[in-house]
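Below, chains carry the letters A, B, ... as their sequence lines are ordered, and counting in each starts from 1.
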Number of protein chains: 2
Amino acid sequence: MTERTPTEAARDIPEATVARLPVYLRALTSLAEAGTATCSSEELASAAGVNSAKLRKDLSHLGSYGTRGVGYDVEYLRYQIAREIGVTQDWPVVIVGIGNLGHALANFSGFRSRGFRVVALLDADPSRHAEQVAGVDVRPFSDLAAIVAEHGVAIGVISTPAHAAQDVADAMVSTGIRSILNFAPAVLSVPDGVDVRKVDLSIELQILAYHEQRKGPAGLEGRLEAPA
Amino acid sequence: MTERTPTEAARDIPEATVARLPVYLRALTSLAEAGTATCSSEELASAAGVNSAKLRKDLSHLGSYGTRGVGYDVEYLRYQIAREIGVTQDWPVVIVGIGNLGHALANFSGFRSRGFRVVALLDADPSRHAEQVAGVDVRPFSDLAAIVAEHGVAIGVISTPAHAAQDVADAMVSTGIRSILNFAPAVLSVPDGVDVRKVDLSIELQILAYHEQRKGPAGLEGRLEAPA
DNA sequence: AGGAGTTTGTGAACGCGAGAACAAACCGGC
DNA sequence: GCCGGTTTGTTCTCGCGTTCACAAACTCCT
């Protein structure tokens, strides 16, 4: 996290910008599919749902890929962002925990089309090892090390119950995985140098509930209501 | 978003703090289940995966619920946070789009145990209306307004394909739903007063990929590697 | 009762990100 | 070749969030 390879540019892009680059990438893909060859920062910002000033500042961190007075070449900028993120080639990914959510993730087509390839599905439960999900065999969790070594996996997804998550994370780290996407509602502790991103469905709903509670006791405005 | 009911406290809690309250809530529940009656800010912070100073400042926004020299009463603090978030009673929720992800969400037990109750599953595809998922019938999307009115639904979840998301959001807003959790990879535009939170699996992976790319070309440290 | 030890709650400094505003640069017409 | 119109890239300012550091307050022991 501290030192980078000094040969490359090594300009450090702000974390907030990194989080938005994938959004711009998708907006550009959408524009390209609609046949748009060029777009202004205003158009792209609107498609991505952000402020145009913010968009320009974000893009300025990667370089000067626009043309003043004209705008951005959609295909060119799309490639530059994809390259910066690192999704010009596919990343191999393993998914551990093939419950309801694991199934959904394995079948999610967006992974394939956005730079990721699910190379293995793992589960500790032997009764699942007969299954095949999305054309990929479910294999025993003990195969993790072999699979990681074989495919050069660097990213792991955890969709197990909470109580198993830390063990899975430990195993992932010991095989060399350095990036983990965690869907289990648990706090993972990992060594330095390993990134963990957490997606927690309950937390998102609870945040919504907080704001909802503050908006008002019931639907006051924007809806005609008949008194009960 | 601007004015609150002047009768209540109306202290505004910073957004960053709101996002962490559910994490504290879960950590406290976990401590309570382990039989812990009292905990210090250091312990709770460690269980929640944050800095203890940050935890104390966060909690200070809700009031003074701790005792200096002693710490926090686990059960008492747990209730106070649950009350602040608004999950002391269950929130009715509708899920629209019963594909792979919709199935997983409907079956997710964490909703029920954390203050939410799925009252309806909706899908536009008539061939799905025969199904029953997690004990709840799948009903036609056109029933949305009736269901929302019947149960007083304020929170909607969108797990449709991207191209349908905006239409679903519009319909939700028109029925009075003011909080939306969106899993579709699309930018939703909604009127003021409606909150949208977005969960995007591809984006999370792409952020990981960016950092992974910067860590180094291959597994250099922490893993013994045999030259291919 | 008093003092030592512990832990909370908060005031202040610091850094990051958002947004506005503007200069630099490019295109097209004359 | 020059000028007006347009759009990018950047500078500056402001506000929010994080972190440090410490005073206030509580318990326990003597």
Checklist entry - NA contact type, B:Glu42, heavy-atom cut-off 4.0 Å: base, sugar-phosphate, or nothing? => result nothing
Checklist outcome for this item: Between CG of A:Leu77 and P of D:dT8 the distance, given in whole Å, is 11 Å
Checklist entry - Once you round it to whole Å, what is the distance between P of C:dG19 and CG of A:Leu55? => result 12 Å
Item to check | No-H, no-angle donor-acceptor pair, B:Lys54 side chain to D:dG17 base, under 3.5 Å | outcome: no
Next on the checklist: Is A:Tyr72 close enough to C:dC26 that one of its side-chain N or O atoms is under 4.0 Å from OP1 or OP2 there?
Outcome noted: no
Checklist entry - Looking at A:Ser40, does any N or O in its side chain come under 4.0 Å of the phosphate oxygens OP1/OP2 on D:dT7? => result no
Checklist entry - How about A:Tyr79: does its OH atom have over 12 heavy atoms from other parts shown lying under 6.0 Å from it? => result no
Checklist entry - What does nucleotides 22-30 of chain D look like as a protein-contact string, B for base, S for sugar-phosphate only, - for none, at under 4.0 angstrom between heavy atoms? => result -BBBBS---
Checklist entry - Taking atom P of C:dT7 as reference, at what distance in whole Å does atom CG of B:Leu59 sit? => result 16 Å
Checklist entry - Can you tell me how far CD of B:Gln213 sits from CG of B:Leu208, rounded to the nearest 0.5 angstrom? => result 13.0 Å
Checklist entry - Roughly how many Å is it from CD in A:Glu15 to C1' in C:dG15, rounded to a whole number? => result 15 Å
Checklist entry - Would you say the side-chain atoms of B:Glu84 and B:His61 include a donor-acceptor pair closer than 3.5 Å? => result no
Item to check | B:Arg112/B:Asp90 ion pair, N-O < 4.0 Å | outcome: yes
Next on the checklist: Expressed as a whole number of angstroms, how long is the span from B:His61:NE2 to C:dG11:P?
Outcome noted: 11 Å
Item to check | Side chain A:Lys57 and base D:dT10 donor-acceptor under 3.5 Å | outcome: no
Next on the checklist: Output the rounded distance in Å from OH (A:Tyr76) to P (D:dT8).
Outcome noted: 15 Å
Checklist outcome for this item: Separation of C:dT7 atom P from B:Asp73 atom CG, nearest Å, is 16 Å
Next on the checklist: As a quick check of understanding, evaluate side-chain hydrogen bond (donor to acceptor under 3.5 Å, both in side chains) for B:Arg83 and B:Thr88, giving each step before the final call.
Outcome noted: CA-CA 6 Å; B:Arg83 188 181 55 76; B:Thr88 48; over 6 Å; no
Checklist entry - D:dG9, D:dT19, C:dA18: which one has an atom nearest the side-chain heavy atoms of A:Ser60? => result D:dG9
Checklist entry - In whole angstroms, how far is the P atom of C:dG17 from the CD1 atom of A:Ile13? => result 12 Å
Item to check | Set of side chain to side chain donor-acceptor pair (under 3.5 Å) partners for B:Glu43, sequence neighbours left out | outcome: B:Ser40
Next on the checklist: Centroid separation under 6.0 Å, is that true for the rings of A:Tyr65 and A:Tyr76?
Outcome noted: yes
